[in-house]
Student: 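Dropping a structure here in structure tokens format, bear with me for questions.
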Amino acid sequence: MSDTATMQAIAALIPAGARVLDLGCGEGALLDFLQRERGCTGYGVELNDANVLACVRRGVNVLQLNLEDGLAMFEDNSFDVVLQIDTLQHLRNAETMLQETARIGRSGIVAFPNFAHWPNRLSVLRGRMPVTRHLPYQWYDTPNIRVGTFKDFEVLATKNRLRILDAFGLDNGQIVRRLPNLCASRAVFHFEHA
Amino acid sequence: MPGFFMSFIATPQTMHFPEALPLQSGASIRDYRLVYETYGQLNADKSNAVLVCHALNASHHVAGVYPDEEKSEGWWDNMIGPGKSVDTNKFFVIGVNNLGSCFGSTGPMDVNPDTGAVYGADFPVVTVEDWVNAQARLLDRLGIGQLAAVLGGSLGGMQAQSWTLQYPERMRHAVVVASAPNLTAENIAFNEVARRAIVTDPDFHGGHFYRHGVVPARGLRIARMIGHITYLSDDVMNQKFGRQLREGLDLKYSTQDIEFQIESYLRYQGDKFSTYFDANTYLLITRALDYFDPARSFGGQLAQAYARAQARFLLISFSTDWRFAPERSREIVKALLDNGRQVSYAEIDAPHGHDAFLLDDPRYMGVMRSYFDNIAAELAKEGV
């Protein structure tokens, strides 16, 4: 999650001045953007040492915590928006983390690589797991341990009684609203708990 | 240290306070002095001061060296100095020795002005809050209204926390390293064992050993040995000493000889400590540790205690620190989150146990440097 277009597409979902928690915030670029451009406040959660340092360096509040240890530190509805941008697919407890995201935030935004994007489908049809710009790993070394599709997420959201406020695909920095499950390399969901 | 790497020269100063300082216990102390050191230059608007609070066996000598004294680097000399993580080219750093200490500020070895006799065991019990009040008076006298940051590790971190609760407007930032919102029962237990070692030493004389011209060195040695074990991790002790014998490969089948390297190390540390540390000071400081508990007056609700804090916080803990474990720092983080305060938290995966806060870990030093660089940038932007 580094390209500006993606960042802006996600930022557009976040109200100005919102209190934001960014789970798996990386180097803190999105939070930094939200603070500077949209007057948001908040914290990033990150495990990686280099990323934590990068956040501190750019003046973004960062908490070095392991998401797999749970989010008991955060109270219900204590944030306007909880973000999980390219985080969910790395988590063993992806469903629990989705529930936690919904619990902590008045709304949640999740973005992840869409495994049903047509080049991925073609690759699987050819008998091989996809290795693309968005999924650049081999099947045996990928950190994406939870690969799912745009449609899969809709099912999971329904199962967890999440109300989807908006959902779209992203491809090459463009928002994709037509057939996102086929045409978008990445899926974005904005939801709230019922 | 070879001369080439030698740090700058530090010069201790003394400030005398004739007026009585009321203490939490209800007692008070008057005509006392605080010894302190400063590094760097206080800027024109006096906004770049950083107060460093010390832990159990440390002092005002935070950074720099004393001339013609070997191994006299301050205890945080690796972090504080010109061009270092806390850069004294940018900040005016103050190290102050706490009341009750044995390194220069008024303590049990001094004469009580009310009785004309040495305080000894009668030195009043001082708390973290009392120390902070005394430090605040020092800042008043130095003409510093608001600190750029208050910084401390371990017990020093407790003082940094307390600063943000007692004087919420007097600092922009609080940096709390390897600390805790209070001591656990296990921690108090270790302190108690150390205190019993001292108090039951026949040379202790109820704390008035100065009169007898002796020092309860045995008690101090054991207190230090226990303390030292708790500052290290099992891993680092195994790595450093393992089951190594001091000489040769054969067991001596003795019960009292020093055979294992770890025994030798602990005895050395204990011996060294007993030559320079005061027994009454050890009792006082461990008690201050036991007592610190800002949530106590809020029914144990740390978040309520922290409602007063306004500073922006950086907390750092170390994964193998079992004396002031990461969970304890996370409790502080949570209390700050619950109040919507600005906080960053780094949990450094270091093998060295509690001692890690005094050592050079590039991740630790990197976070410190970045955080303080940002404070300096913030001051530069607002000043002028």
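Letters A, B, ... are given to chains in the order of the sequence lines, protein chains preceding strands, and every chain is numbered from 1. A quick note: this is a predicted structure, and the numbers were derived from the prediction, not measured.
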Student: Does CD in B:Gln146 sit with more than 12 non-hydrogen atoms of other residues, nucleotides or ligands closer than 6.0 Å?
Tutor: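 Yes - once you tally the heavy atoms of other residues, nucleotides and ligands closer than 6.0 Å, there are more than 12.
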
Student: Tell me, side chain or backbone of A:Leu47 under 4.5 Å from chain B's heavy atoms, or both, or neither?
Tutor: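 Neither the backbone nor the side chain of A:Leu47 comes within 4.5 Å of chain B.
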
Student: Extract the chain B to chain A donor-acceptor pairs under 3.5 Å, no hydrogen or angle test applied.
Tutor:
{"from": "B:Lys334", "atom 1": "NZ", "to": "A:Met73", "atom 2": "O", "distance (Å)": "3.3"}
{"from": "B:Lys334", "atom 1": "NZ", "to": "A:Glu75", "atom 2": "OE2", "distance (Å)": "2.5"}
{"from": "B:Arg341", "atom 1": "O", "to": "A:Tyr43", "atom 2": "OH", "distance (Å)": "2.5"}
{"from": "B:Gln342", "atom 1": "OE1", "to": "A:Asn61", "atom 2": "ND2", "distance (Å)": "2.9"}
{"from": "B:Ser344", "atom 1": "OG", "to": "A:Val62", "atom 2": "N", "distance (Å)": "2.9"}
{"from": "B:Tyr345", "atom 1": "N", "to": "A:Val62", "atom 2": "O", "distance (Å)": "2.7"}
{"from": "B:Tyr345", "atom 1": "O", "to": "A:Gln64", "atom 2": "N", "distance (Å)": "2.7"}
{"from": "B:Glu347", "atom 1": "N", "to": "A:Gln64", "atom 2": "OE1", "distance (Å)": "2.8"}
{"from": "B:Arg363", "atom 1": "NH1", "to": "A:Asp49", "atom 2": "OD2", "distance (Å)": "3.4"}
{"from": "B:Asn374", "atom 1": "ND2", "to": "A:Val56", "atom 2": "O", "distance (Å)": "2.8"}
{"from": "B:Asn374", "atom 1": "ND2", "to": "A:Arg57", "atom 2": "O", "distance (Å)": "3.2"}

Student: Identify which of B:Val367, B:Leu315, B:Leu337 forms the greatest number of heavy-atom pairs closer than 4.5 Å to chain A.
Tutor: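 That would be B:Leu337.
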
Student: Does the side chain of A:Leu65 reach to within under 4.5 Å of the side chain of B:Val333, using non-hydrogen atoms?
Tutor: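 Side-chain contact under 4.5 Å: no.
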
Student: For B:Asn78, which residues count as a side chain to side chain donor-acceptor pair (under 3.5 Å) partner, sequence neighbours excluded?
Tutor: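 Side chain to side chain donor-acceptor pair (under 3.5 Å) list for B:Asn78, sorted by chain: B:Asp360.
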
Student: More than 12 heavy atoms of other residues, nucleotides or ligands under 6.0 Å from CZ of B:Arg308: is that the case?
Tutor: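 Atom CZ in B:Arg308 is crowded, with more than 12 foreign heavy atoms closer than 6.0 Å.
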
